[in-house]
Amino acid sequence: RTNGLRQIKVSDDDFGLMGYDPAFLNTANCKSAITFIDGDKGILEYRGYPIEQLAERSSFLEVSYLLLNGELPTEKQLEEFRYLVTHHTYVHENIKTFMDGFRYDAHPMSMLSSTVAALSGFYPDAKHTKDERSRRIQMTRLIAKMPTLAAFSYRHSMGLPYVYPDNDLSYVGNFLAMVRKIGTTTYKVHPTLEKALDVLFILHADHEQNCSTTSVRTVGSSEVDPFSAVASGIAALYGPLHGGANEAVLRMLREIGHVSKVPEFIKQVKGGEGGSKLMGFGHRVYKSYDPRAKVIKRVADEVFEVTGKNPLLEIAVELERIALQDEYFVKRKLYPNVDFYSGLIYEAMGFPVEMFPVLFAIPRTVGWVTQWEEMVKDPEQKIARPRQVYTGSKRRDYVPMNARA
Ligand code: ACO
C-alpha cells in the first residue's frame, strides 16, 4: 500500500518511497473514531463529547461505556455494564501467590505489568481475538480486575494483607476500600475523595495514540491476546516521560523544597544542567494548556478542602506562574500537562508516589482495550512492522579471532 503517496521504485532493489519519522512525529499509525485532540486549541473529546462536560456531568463507568461502544448508555445499559464490571473484579487465588513472589520493595507498576501479563495464562480463551464475544469478556475482565491488581500491588508493597473486592461499592469506592481497609472495620470512603478520583479516572481514560496505546496496538497487531498487549501498555506507562511523570513532579517539588528556590530551579532547567526538565510541563500534542490540567486544578481545590493543603502546592503554583511568563517556555509552547497537579492530589489522598502511575493505568485500561478492539476490527490494519534507514557497515567478510587486531 502506498498510503496515498505515489510509489517510486527505480529498480528491483529499491524499496520505493519511505518516510523517515523517528518517534512518529508526523505519522498517523491508524484511523480512529475514539478520541479527538486539537493540541493547538487545547481540545480533548471522547467520541465527540468535550472532556470538560464529561468530567463535570458523567461518571467513569458511563465514560467507559461511551468509549467502548461509541454512544452514551441508557439507564438500563449502564446498569447492565456496571453489573458486568462489578462481577468480574475477583482474581484467581494463584495471582496472589504470584504477587507474593515479588520483593517487598518492588515497584507496584512492575507488579501490575507482570500480573496483567500473567492473566493470559489464566484465560487461555483470550487468544480468540477475532471472536467478538470472547473479546468483550476479556475487555470486561481487564477493566474489572485492574483495580483489584492495583490494590494488591499497593498492599504487597506496604506489607499488608490483600483485601478482596466488595462488589456493593462503586468502581472507585471499591478500589479505595481495597487500598485503605485495615482489619475488619468497614472502610468509609469520603464522597468528595471518591468523586475526585472518579473525575481523575475520566480524564485519564483515553488519549489517542500516546506511547502506551501505540504499544498496545503494536503488540496487539501480532494477534496476541489482550492481556499481553495491555501489559506492554503498562510497561510503556511506567516510563518517567509518560505515566511516571507525576511521580517525577512530586520528586521535583520535594527537591526544590521551598517556594524561594523556584527561580533558581527554573534557571537550572533552562541551562539544561544535568539534563533536567520541568516535569509535568510540555506535551507532544498540546501546544497550549492541557485541558485535563485545567479540570485537575479545580478538583485539587475540592480535595484540599477535605485533606488540608499539600505544602508542595505553593511551589507548584509558583513554578507555573514563573514558567508561563518565561520566554524559554513561552517560545517552546510548554504548558502544564495532566501530570503537573495530579500527583499533588494523589499525595493528599495518602498514596505514595510509586502508586501514581498505577492510578493512571487503572482508567487508561479502558482506552487501551477500546483502541485494541478498534485495531483488531480494522481490515486495513496488519502486523505493525516499520522500516528503517540502515546506517551500519557495508557487506564484509568474517574475520577469524586470531586475525583480529
Ligand atoms: N522542561 C524544559 N524543557 C522542555 C520540557 C520541559 N518539561 N519539555 C520540552 N522541553 C524543551 C526541549 O528541551 C526542547 O528544547 P530545544 O528545542 O531547545 O531542544 C523543546 O522543549 C521541545 O521538546 P521536545 O523534547 O522536542 O518535545 P517532545 O514532544 O519530544 O516531548 C515530552 C514531549 C516528552 C512530554 C516533554 O515535554 C517532556 O519530557 N516533559 C516532561 C515530562 C512530562 O511531563 N511528561 C508527561 C507527558 S503527559 C503524559 O504522558 C500523560
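Each ligand, and each atom within it, is numbered from 1 in the order the structure gives. Keep in mind it's a predicted model, so treat the numbers as computed, not measured.
In plain terms, the two heavy atoms of Phe304 and Leu344 that are nearest each other are CE2-O, 3.9 Å.
If you run ring-ring contact (aromatic ring centres under 6.0 Å, His included) between His92 and each of Phe122, Tyr123, Phe152, only Phe122 comes through.
For the salt bridge (Lys or Arg N to Asp or Glu O under 4.0 Å) condition, no pair includes a residue of residues 179-196, sequence neighbours left out. Identified under the salt bridge (Lys or Arg N to Asp or Glu O under 4.0 Å) test for residues 148-176, with sequence neighbours left out: none. Sorted by first and then second residue, the salt bridge (Lys or Arg N to Asp or Glu O under 4.0 Å) pairs with a member in residues 218-231 read Lys130-Glu223; sequence neighbours excluded.
Residues of the protein with a heavy atom under 4.0 Å from ligand 1 are Leu241, His242, Ala245, Val269, Lys277, Leu278, Met279, Gly280, Phe281, Gly282, His283, Arg284, Tyr328, Arg332, Leu334, Asn337, Val338, Asp339, Phe360, listed by chain and number.
For the residue pair Tyr162 / Asp100, a side-chain donor-acceptor distance below 3.5 Å is found, with atom types taken as modelled.
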